[in-house]
Amino acid sequence: MTLVTLLIFLLQIPLPAAAAEGRYKVVKVEAERLPDLNIPRSGHAILNVGGEMTVIGGHTTNFVPTPTAEYLKDGAWHVLPMAYNHDNGFAAVLPSGEVIIGGGHQEELGVGQTYTLERYDLKSRTFKGFGSLDRRRVLANATTLADGRVIISGNHYAPDAIECYDGQSQVQPVKEVAQGRSNPYILPISNGDMLILGGNDVYDRHPDTIWVDRLKGNAFHAPLLEQWRPVYTDQPFDSRCCSTDEDTYLLTAKDKSGQLAIVEVRDTTFALLPTVCPIPMRCQFGPILYKGPIVIDRPRRRGYIIGVDSLCHRQFVLAVDYAVHPAPLTLYYTDSLEHSTVTIPTINSDGDLILTGGSPDDNYNPLTTVWCYHFATPMPTAATAGIPFWLWVVMATAAAGIIAYIIFILWRRKKPTADIAPISEDDSEWNKADDKTADLMERISRLMDEERIYLRSDLKLQDVAVRLRSNSSYVSECINNVHGQTFSQFVNAYRVRHAQELMRQQPDMKTVTIATASGFSTEVSFFRNFKAVVGMTPREWIASL
């Protein structure tokens, strides 16, 4: 029995196709257009604050700073007034859930720097100025420590240094830097220390030598960065978006030829992340221009790098499954988009990438478009994450040996069966498959209709299988055979019908409340699935009644 169990376990672990082939996969992906922003903007920060997508500051048409923010709720973006302009300013989420915003250009056209600091309170949805930076800054970055302090560094056409916000009201200088930078990475590491590094100095030049500053120690030189220079990003971003765990980060970097690679920073050690092949720089549509840092989806152990074609019409997303060595690569591409976005994405709880605004051509004509990319990547388990290729070979060999052993044992135990009547086709269990499918489907439907198990936002296929004393494969195959749907589509159809009933009975109920009450984990997931099932948005459906 132990051998059988081990065999089942081995056969259920999927071999990553890209790793097996030694090359990357190319997959077409549909870009879903979400509701547009109210204000065209670029140079803004985008954060997932309290489960809501929130864009902060930036500049709008004619390269004019906008003292506004917007948050996505009930299928629309809502504008909030800010205390100050923050075009290419920084934003960092505090442990309290509040956001600290600082710096930015002083004037139109990206001129000058500012001292301004303000705080965003999610509960009251208000912005309030409360202090001043130690020095004027623009294109700075900020990273929050566990104790609520915020480390700030970076500048543009002005001197750079490190300063610290105490988490309450004061900002104090900390130390000078060995090398001034624009939009640097600020990476918390062990013992409360931080690394600060970047690819461009404060004058947009590429320094001959890349120095890494430390919050607590002396600056040092990382030899790997002589060949692989960190990619410069001209939009505010949170360095923690590059974090795979508490003190390990992935950075995009290029060599002199323009080839992109991924640098893994583990504490103070720098090394290249091994990938199944070099990162693709061209495809059938021409060269790929990658933009910005790698954005990490930690629960799914996947990173994403955004790219565009030379005309900024077609978008690319390079997915890196970094937990496997060498890391498999998947290049997703879209059709040519009417209003393509070049901006740093953020990731929602469903693992979708959200891109907002941006300036594909110049800073004078930013966009209002918001795009969403759905990547149906299963959550890795501790048992399967990071298994190297050689171990897959060993397990496959072991599985073959186990199969041969089981066949041998069964052959040895086989008894003569002349006194047993042969099984007729009418009595064969295989010919009762249709009856079994119908019975299982009836039990699945009863579980949904009577117990409304679909209202659990964390419902998984395995949960249903356990309740029915079946297994995941049988349940999934049954739903697919009867309804032609995946398990997720089947469950979300129930959730949508429940949402429709709520909307009929309580038309004043807020959309986010309906989404949560119907079993959807996010409002974005609710809108996406509602339109997929009904063919209309919730508002369009209500209007049609």
Side-chain angles (χ1 to χ4, degrees), residues 22-24 26 139 141 153-157 160 177-187 195-214 219-235 237 239 241-242 248-266 268-296 303-312 314-320 322 325-327 329 331 333 342-344 360:
R23 61 185 300 276
Y24 67 95
V26 180
L139 287 172
N141 266 333
S153 187
N155 217 338
H156 194 241
Y157 280 81
D160 187 15
V177 291
Q179 188 173 68
R181 309 166 184 87
S182 290
N183 256 9
Y185 289 95
I186 305 177
L187 311 177
L195 304 184
I196 303 173
L197 67 150
N200 281 18
D201 67 14
V202 296
Y203 297 104
D204 282 341
R205 300 174 303 200
H206 300 322
D208 294 332
T209 301
I210 299 291
W211 286 93
V212 181
D213 275 288
R214 297 180 64 170
F220 65 94
H221 174 234
L224 181 69
L225 300 184
E226 291 182 358
Q227 179 182 357
W228 297 100
R229 179 182 302 276
V231 171
Y232 171 67
T233 302
D234 61 357
Q235 181 187 346
F237 70 98
S239 299
C241 75
C242 312
T248 303
Y249 303 86
L250 300 181
L251 314 181
T252 51
K254 286 186 177 181
D255 64 8
K256 291 182 179 179
S257 72
Q259 175 62 48
L260 192 74
I262 300 170
V263 173
E264 184 178 56
V265 183
R266 189 179 296 274
T268 58
T269 301
F270 291 72
L272 285 184
L273 178 77
T275 54
V276 293
C277 62
I279 289 178
M281 305 303 295
R282 295 185 62 86
C283 66
Q284 67 266 39
F285 307 109
I288 303 172
L289 309 176
Y290 292 103
K291 303 286 185 177
I294 184 170
V295 178
I296 301 298
Y304 298 99
I305 309 172
I306 298 298
V308 293
D309 62 16
S310 57
L311 298 176
C312 294
R314 191 184 307 274
Q315 289 190 328
F316 300 91
V317 181
L318 182 70
V320 183
Y322 59 82
H325 285 189
L329 304 176
L331 181 65
Y333 70 94
V342 183
T343 184
I344 297 174

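Atoms considered below: every heavy atom in the structure, side chains included; atoms not considered: hydrogens, waters and symmetry mates. All residue numbers in this chain count up from 1 along the given sequence. Given the structure is predicted, the values throughout are model-derived calculations rather than measurements.
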Heavy-atom donor-acceptor pair, [X] side chain to [Y] backbone, under 3.5 Å:
| X | Y | result |
| --- | --- | --- |
| Arg181 | Gln179 | yes |
| Thr252 | Gly292 | yes |
| Asn155 | Val202 | no |
| Asp160 | Gly154 | yes |
| Asn183 | Thr233 | yes |
| Asp255 | Gly258 | yes |
| Asp309 | Arg314 | yes |

Quick one: list whatever passes side-chain hydrogen bond (donor to acceptor under 3.5 Å, both in side chains) with Glu226, sequence neighbours left out. His221
Leu250 vs Val320, test: side chain to side chain contact (heavy atoms under 4.5 Å, CB included). Steps then yes/no. CA-CA 10 Å; Leu250 300 181; Val320 183; 5.6 Å; no
Let me confirm one number: the CD1-CZ distance from Ile306 to Phe316, rounded to the nearest 0.5 Å. 11.5 Å
One should read off an interatomic distance between Leu318 CG and Ile288 CD1, to the nearest 0.5 angstrom, of 8.0 Å
Under 3.5 Å, is there a donor on one side chain and an acceptor on the other for His156 and Asp204? yes
Answer yes if the ring centres of Tyr185 and Tyr249 are under 6.0 angstrom apart, and no otherwise. no
